[in-house]
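Read the structure below first, then the notes.
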Amino acid sequence: MLVIILHALTVNLLYLVLRLAPIFRGGCLSRFLPLFEARCPLFSAAANSLLLSSDRAKNDNREIDFGVLLESCTRLHVLKCLHAFLVVSGKIQNIFIATKLVNRYANLGDVSFSRRTFDQILNKNVFTWNSMVSAYVRRGHFCEALDCFYHFSLTSGLRPDFYTFPPVLKACRNLVEVKKIHCAVLKLGFEWDVFVAASLLHMYAQFGLADVARKLFDDMPVRDRGSWNAMISSYCQSGNAIEALNVLDKMRLEGVNMDSVTIASILPTCAQSGDIITGMLIHLYVIKHGLEYDLFVSNALINMYGKFGILELALKVFDQMIVRDVVSWNSIISAYEQNNDPITARRFFNKMQRAGIQPDLLTLVSLASIVAQSNDHKNSLSIHGFVMRRGWLMHDVVIGNAVVDMYAKLGDIDSARSVFEGLPVKDVISWNTLITGHAQNGLASEAIEVYQMMEECNGIIPNHGTWVSLLPAYSHVGAVQQGMKVHGRVIKNCLYMDVFVGTCLIDMYGKCGRLDDAMSLFYQIPRESPVPWNAIISCHAVHGHGEKALNLFREMLDERVKPDDITFVSLLSACSHSGLVSDGQSYFRMMQEEYKIKPHLKHYGCMVDLFGRAGQLEMAYDFIKNMPLQPDASVWGALLGACRIHGNIELGAFASDRLFEVDSENVGYYVLLSNIYANVGKWEGVNKVRSLARVRGLKKTPGWSSIEVNSKVDVFYTGNQTHPKCEEIYGELRNLTAKMKSLGYVPDYSFVLQDVEDDEKEFILSSHSERLAIAFGIISTSPKSPIRIFKNLRVCGDCHNATKFISQITEREIIVRDSNRFHHFKEGICSCGDYW
DNA sequence: CTAGGGTTAG
């Protein structure tokens with residue numbers, strides 16, 4: 001370490017001495033060589049061999065090829081030193097050497113030194129100006145590049161040549177600038193130079209004028225392979241796979257072969273459009289033409305195979321590479337990461353470090369996702385720290401968004417939020433990430449608030465990702481009126497034809513109780529993929545329309561859409577909600593035999609529910625015993641729920657024992673068990689469960705219910721006392737309870753786990769969140785209109801009973817959607833037949 | 001001496 005510091009000091013010192021003391025004029029470079037050695041071996045080797053040859057010529061340094069020396073200089077310090085040497089030895093007056101210096105500074109990252117050198121050159125020529133312009137462009141200083149160009153063409157008295165324009169065009173950031181430069185090109189007559197024309201074409205395409213680009217291309221009198229490549233890559237980058245392949249065909253018909261550039265542009269397009277056949281044909285072409293060792297081609301191949309999920313081929317290409325750069329490593333890492341194999345991805349990252357390749361921004365993007373996938377809380381902090389130390393978080397949105405996403409996926413929404421707030425620039429994706437982050441952590445109304453903040457923020461235009469993040473939050477709290485507003489906006493730009501947006505809308509209508517709207521939308525959107533089918537089937541499942549769900553499944557098969565694992569989850573839950581036991585069994589078999597889908601825990605949970613609800617409790621238990629997987633809480637929970645419905649105490653107690661082994665914290669299971677005892681009047685059992693719950697110090701998932709009135713969603717937590725209409729709500733509830741009692745309602749205290757006096761229990765029951773929401777609905781909407789309530793947990797038995805009475809007293813339809821299904825209350829009866 | 005067209009992303 002010390003050596004390095006000392007060394008840096010010596011080089012800097014030397015630089016100063018050389019600048020200040022012209023005594024060294026004509027001094028011998030060989031004296032300084034040892035100082036360069038450690039910092040820049042390549043440079044010192046080149047310098048050494050040049051010195052040797054010049055020594056032989058006994059000509060001091062005059063014969064040294066400083067161009068080559070500058071070229072081999074890879075450290076800024078060494079370059080500055082050499083610069084000083086050139087100044088004191090007067091060689092800086094050589095315009096070629098000076099121009100090369102301008103370039104070298106830009107390549108080593110210090111464009112301000114390029115400019116300083118440039119300003120010191122007195123007799124600038126076209127080369128010098130071109131170099132300065134392209135130096136700015138290479139470092140991304142587009143504004144300065146254009147300024148420099150205008151200065152050049154207007155004040156220098158020199159005439160730009162055709163080398164000038166490609167970099168200048170690249171510096172244009174909008175169409176106006178492109179058109180201005182285009183005029184200059186026309187005036188000077190460089191229009192049909194192949195390089196200039198290719199650049200023009202490329203810029204027009206980049207700013208969306210694909211037809212202008214195409215016309216330029218068609219009008220070109222001379223086309224080289226570069227022109228074809230420019231046209232093809234323009235189409236590729238704008239996502240127009242069909243035209244890209246058309247032009248490619250034409251090019252080959254004219255006898256022009258593809259080169260590595262053509263292939264590197266077309267492969268990502270194959271991946272994007274899912275055209276695996278073309279992709280693999282191109283791979284064959286690559287092998288046949290000996291392009292398989294090209295870095296860019298190999299990288300593109302790895303990426304393509306990664307996107308298709310063909311990891312063996314991605315790995316094969318990676319393994320046979322001779323030279324790998326950071327992109328190669330990033331590509332193989334993200335191939336595994338995106339195919340849900342964070343362990344292998346991590347292994348490649350470790351290998352990359354051992355190979356001495358420095359991770360870049362994109363490596364960290366993949367790493368953040370790896371950490372999130374493997375639930376690796378410890379390393380999330382190191383990643384955040386690494387990214388911050390490098391200043392990347394302040395510099396690039398992409399990595400910032402990746403960190404926000406990482407924290408959100410790890411469930412640490414507070415950290416996600418604070419990173420988000422610290423981002424200097426936020427784009428749509430930043431907002432979308434934060435919305436999804438809240439929604440997926442069960443914070444639906446917070447997700448909606450984030451969206452509202454986004455709308456208040458100027459310059460952010462929501463895209464399809466926004467709707468895909470937001471709509472599930474709306475369906476969660478039942479904000480159908482706001483959801484419909486989104487539907488309206490989506491129609492305007494045809495986004496509802498996007499499979500994911502369309503599916504979210506279907507899900508939203510279905511989960512908000514509007515099956516008809518869900519159905520009519522379903523038939524409007526493309527349905528070649530199983531995704532929208534899964535949504536519409538599951539909508540029918542939660543409404544208890546099993547037969548319709550099965551019909552839809554048959555229709556799906558008729559349309560030759562291949563069902564996936566999710567399809568069968570929806571289908572099996574439809575069967576269980578409607579008591580279609582034998583159908584469920586045969587679909588469970590069909591899934592494995594015909595579609596080779598291995599059932600996972602969700603499927604087993606549905607099957608247990610299917611048997612259990614239908615009263616076949618022994619069947620359900622046998623099914624669990626024969627499972628090849630370790631049953632989790634959802635499986636035992638299904639059995640326990642069935643035991644409650646059918647009043648089986650022994651099996652219920654057994655199931656809850658297993659349940660407390662895998663998930664002892666969920667208070668819902670204690671409630672279920674105590675209900676079982678209460679239903680058959682075993683009060684000592686109820687007391688036992690109650691004390692168990694108390695001893696274990698349960699952390700409750702807070703229960704809430706929501707209701708949408710006039711496009712505004714109100715969320716009520718149990719016992720809420722802060723709502724502006726609080727007084728009226730509790731007044732209405734007291735009123736209702738009195739009427740209910742006169743009609744025969746008896747509060748069922750088995751749903752209260754707290755150990756308090758009976759009148760206190762009654763108050764707890766009547767301040768359950770669903771009742772607050774219903775009462776609010778009654779006082780805020782016109783008489784006899786229907787009320788829709790949404791609850792995050794299952795509705796409790798006492799509330800279920802109470803709602804029946806309320807529907808009778810108020811002559812209203814009351815629709816309650818809980819975490820499981822829809823309950824339709826009308827005239828004192830519930831559609832679920834009291835099996836909830 | 002200088003230049004175009006190319007690979008990775010949340």
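By convention in this document, chain letters (A, B, ...) are assigned in the order of the sequence lines, proteins followed by strands, and residues within each chain are numbered from 1.
As rounded to whole Å, 9 Å separates atom C1' of dA9(B) from atom CD1 of Ile399(A). Distance CH2 (Trp228(A)) to C1' (dG6(B)): 18 Å, rounded to an integer number of Å. Atom CG of Leu216(A) is separated from atom C1' of dG4(B) by 15 Å (rounded to the nearest Å). Atoms CD1 (Ile333(A)) and P (dT7(B)) sit 20 Å apart, rounded to a whole Å. Here the C1' atom of nucleotide dG10(B) and the CH2 atom of Trp392(A) are 15 Å apart, to the nearest Å. Atom P of nucleotide dT7(B) and atom CD1 of Ile332(A) are separated by 19 Å, given to the nearest angstrom. In this structure, Ile263(A) places its CD1 atom 19 Å from P of dG5(B), rounding to the nearest Å. Separating the CG atom of Asp193(A) from the P atom of dG5(B) is a distance of 13 Å, rounded to the nearest angstrom.
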Chi angles and distances behind the side chain to side chain contact (heavy atoms under 4.5 Å, CB included) call for Phe318(A), Leu301(A): CA-CA 9 Å; Phe318(A) 181 81; Leu301(A) 278 170; over 6 Å; no

Candidate pair Ser469(A) and Asn432(A), rule side chain to side chain donor-acceptor pair (under 3.5 Å), full reasoning: CA-CA 6 Å; Ser469(A) 323; Asn432(A) 294 352; 4.6 Å; no

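Base contact: Asp259(A) has a heavy atom under 4.0 Å from a base atom. Within the 4.0 angstrom heavy-atom criterion, no nucleotide atom of any strand lies near Ser334(A). Among the protein residues, Asn330(A) comes within range of the nucleic acid bases, having at least one heavy atom under 4.0 Å from a base atom. Val196(A) comes within 4.0 angstrom of nothing in the nucleic acid, heavy atoms only. Counting non-hydrogen atoms under 4.0 angstrom, Ser260(A) reaches a base of the nucleic acid.
Under the rule for a salt bridge (charged side-chain N to carboxylate O under 4.0 Å, His left out), the partners of Arg214(A) that lie at least two apart in sequence or sit in another chain are Asp218(A), Glu243(A).
The minimum heavy-atom distance between Leu188(A) and Arg159(A), with the atom names listed, is O-NH2, 3.4 Å. Considering all non-hydrogen atoms of both residues, Val126(A) and Leu158(A) come closest at N-CD1, 4.0 Å. Heavy atoms only, all atoms of each residue included: Ile429(A) and Thr433(A) are closest at O-OG1, 2.5 Å. Of all the heavy atoms in Cys148(A) and Val133(A), the pair that sits closest is SG-CG2, 3.9 Å.
Residues Asn103(A) and Ser134(A) have side chains in contact (heavy-atom distance under 4.5 Å, counting atoms from C-beta outward). A 4.5 Å side-chain heavy-atom check between Phe348(A) and Leu315(A) finds at least one atom pair inside the cut-off. Counting only heavy atoms from C-beta outward, the side chains of Ser366(A) and Phe349(A) never approach each other to under 4.5 Å. At least one side-chain heavy atom of Met352(A) sits less than 4.5 Å from a side-chain heavy atom of Val326(A). Side-chain atoms of Leu245(A) and Asp275(A), non-hydrogen and from C-beta on, do get closer than 4.5 Å to each other.
Only Leu362(A), Val365(A), listed by number, bring a heavy atom of residues 357-377 of chain A to less than 4.0 angstrom from any atom of DNA chain B. Of the residues in residues 290-320 of chain A, Asp294(A), Phe296(A), Asn299(A), Asn303(A), Lys307(A) come within less than 4.0 Å of DNA chain B through at least one heavy atom, sorted by number. DNA chain B is contacted by Asp427(A), Ile429(A) of residues 427-436 of chain A, taking any non-hydrogen atom closer than 4.0 Å.
Out of dG10(B), dG5(B), dG6(B), the shortest distance to the side chain of Arg225(A) is found at dG5(B).
Outside the 6.0 Å centre-distance limit, the rings of Trp129(A) and Phe149(A) are not counted as a close aromatic pair. Ring-centre distance between Trp431(A) and Phe420(A): below the 6.0 Å cut-off.
For Gln206(A) and dG5(B), the shortest distance from a side-chain N or O to OP1 or OP2 is not below 4.0 Å. Applying the 4.0 Å criterion to OP1 and OP2 of dG6(B), one finds that Ser233(A) has a side-chain N or O inside that range. For Gln237(A), no side-chain nitrogen or oxygen approaches OP1 or OP2 of dG5(B) to under 4.0 Å.
The salt bridge (Lys or Arg N to Asp or Glu O under 4.0 Å) pairs that include a residue from residues 393-416 of chain A are Asp405(A)-Lys409(A), where partners are two or more places apart or lie in different chains.
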Distances for protein N/O vs nucleotides 1-3 of chain B N/O pairs under 3.5 angstrom?
residue	atom	partner	partner atom	Å
dA3(B)	N1	Tyr163(A)	OH	3.2

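Donor-acceptor pairing under 3.5 Å, judged by distance alone, is absent between the side chain of Asp396(A) and the base of dG10(B).
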